[in-house]
Amino acid sequence: PGPQEKSSGDERPATEPLFKVLDTPLSEGDEPTTLPAQRDHGYSVQMEGYLGRKHDLEGPNKKASNRSWNNLYCVLRNSELTFYKDAKNLALGVPYHGEEPLALRHAICEIAANYKKKKHVFKLRLSNGSEWLFHGKDEEEMLSWLQGVSTAINESQSIRIKAQSLPLPSVTGPDASLGKKDKEKRFSFFPKKK
């Protein structure tokens, strides 16, 4: 008989998506809500939902050129915050105005206590000095996003620390046994002239 294959029950098929978007129409009275944060087999915190967003500063002490509020569909995944016009554009993979995701490494996320024009506002300051304001529909939603973004920031720091502590590759690996000509063939696009 051939070798037996072992499979554990907690493995996911490779084709299963990390999250699912439900395309259910909202009636006029319904208000969109944020989906809960979840941890999934080593993937970082994931959240998605509508938030108000305002670009406040483009850099240290430099106000953004467009400082108006937009209601956008926000997706927090793998220590990046990406924005879409709505869930339909997320499914199509079309970011809002073609924007790049905000990288959360070395960012600071906190309640915007000094912002008085709207309630339930938190701010995100990126490592380049850029600052964004976000507001949720209520305190619970604001705190949920604040916790999710803060956790993603912390995870991005710990991932970097883990990567830095990996051991250096061994010099006595398979390359050490190769002869000089074999190494030349393997590592050079152009052969040396003789």
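Please read these numbers as outputs of a predicted model, since none were measured by experiment.
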| said: What verdict does the side chain to side chain contact (heavy atoms under 4.5 Å, CB included) test give for V75 and R77, after you've listed the backbone C-alpha separation in whole Å, the side-chain angles of each residue and the deciding distance to 0.1 Å? | reply: CA-CA 6 Å; V75 177; R77 183 181 344 130; 3.5 Å; yes

| Counting only N and O atoms by type, is there a donor-acceptor contact under 3.5 Å from the side chain of N128 to the main-chain atoms of S130? | yes

| task | Only one of K62, R125, K54 passes salt bridge (charged side-chain N to carboxylate O under 4.0 Å, His left out) with E131; say which it is. | result | R125

| request: Identify, with sequence neighbours excluded, every residue that meets ring pair (Phe, Tyr, Trp, His ring centres under 6.0 Å) alongside Y96. | output: none

| field | Shared hydrophobic cluster for L51 and L57 (ILVMFWY, side-chain gaps under 4.5 Å) | value | no

| query | L133: which other cluster members, linking ILVMFWY side chains closer than 4.5 Å, directly or transitively? | reply | W69, Y115, V121

| note | Looking only at heavy atoms, the pair that brings S127 and H106 closest together is CB-CB, 3.9 Å

| request: Heavy atoms only: give me the nearest S79-A152 pair and the separation to one decimal. | output: CB-O, 3.8 Å

| Reference residue L76; test side-chain contact (heavy atoms from CB on, under 4.5 Å); the match among T151, T82, V149 | V149

| message | Quick one, E155 with L104, criterion side chain to side chain contact (heavy atoms under 4.5 Å, CB included). Give me CA distance, side-chain angles, the key distance, then yes/no. | response | CA-CA 10 Å; E155 283 184 1; L104 300 178; over 6 Å; no

| query | Below 4.5 Å, heavy atoms only, C-beta onward: do I153 and I108 meet side chain to side chain? | reply | no

| Between R67 and D56, what is the shortest heavy-atom contact and its length? | NH2-OD1, 2.7 Å

| Hey, does the side chain of H120 reach the backbone of E139 with a donor-acceptor pair shorter than 3.5 angstrom? | yes

| query | Which word best sums up how the rings of Y50 and Y73 line up, parallel for under 30°, tilted for 30 to 60°, or perpendicular for over 60°? | reply | perpendicular

| request: Any chance you could measure E141, atom CD, to F122, atom CZ, to the nearest 0.5 Å? | output: 9.0 Å

| query | Is there a side-chain hydrogen bond (donor to acceptor under 3.5 Å, both in side chains) between H55 and S65 once you walk through the steps? | reply | CA-CA 9 Å; H55 193 184; S65 54; over 6 Å; no

| request: Kindly check if the number of other-residue, nucleotide or ligand heavy atoms within 6.0 Å of CD (E99) is above 12? | output: yes

| message | Set out, in order, the CA-CA distance, both residues' side-chain angles and the distance that settles side chain to side chain contact (heavy atoms under 4.5 Å, CB included) for E110 and K123, then state yes or no. | response | CA-CA 6 Å; E110 58 193 9; K123 66 181 171 183; 3.0 Å; yes

| request: Answer whether the closest heavy-atom distance between the side chains of W145 and L81 falls below 4.5 Å. | output: yes

| field | Atom of D86, atom of N89 and distance for their closest heavy-atom approach | value | OD1-N, 2.9 Å

| field | Side-chain touch L126/W132, heavy atoms, less than 4.5 angstrom | value | yes

| field | Taking every non-hydrogen atom, the tightest pair across G93 and P95 | value | O-CD, 3.3 Å

| said: I want to check something: taking the side chain as every heavy atom from C-beta on, are L146 and F134 in contact at a cut-off of under 4.5 Å? | reply: no

| Are any side-chain N or O atoms of K119 and backbone N or O atoms of K116, one a donor and one an acceptor, separated by less than 3.5 Å? | no

| query | M47 and G148: which non-hydrogen atoms are nearest, and at how many Å? | reply | SD-CA, 3.7 Å

| said: With clusters defined by side-chain heavy atoms of hydrophobic residues (ILVMFWY) lying less than 4.5 Å apart, directly or transitively, does L124 cluster with L143? | reply: yes

| task | Side-chain contact test, heavy atoms from C-beta onward, threshold under 4.5 Å: evaluate it for K85 versus V94 and give yes or no. | result | no

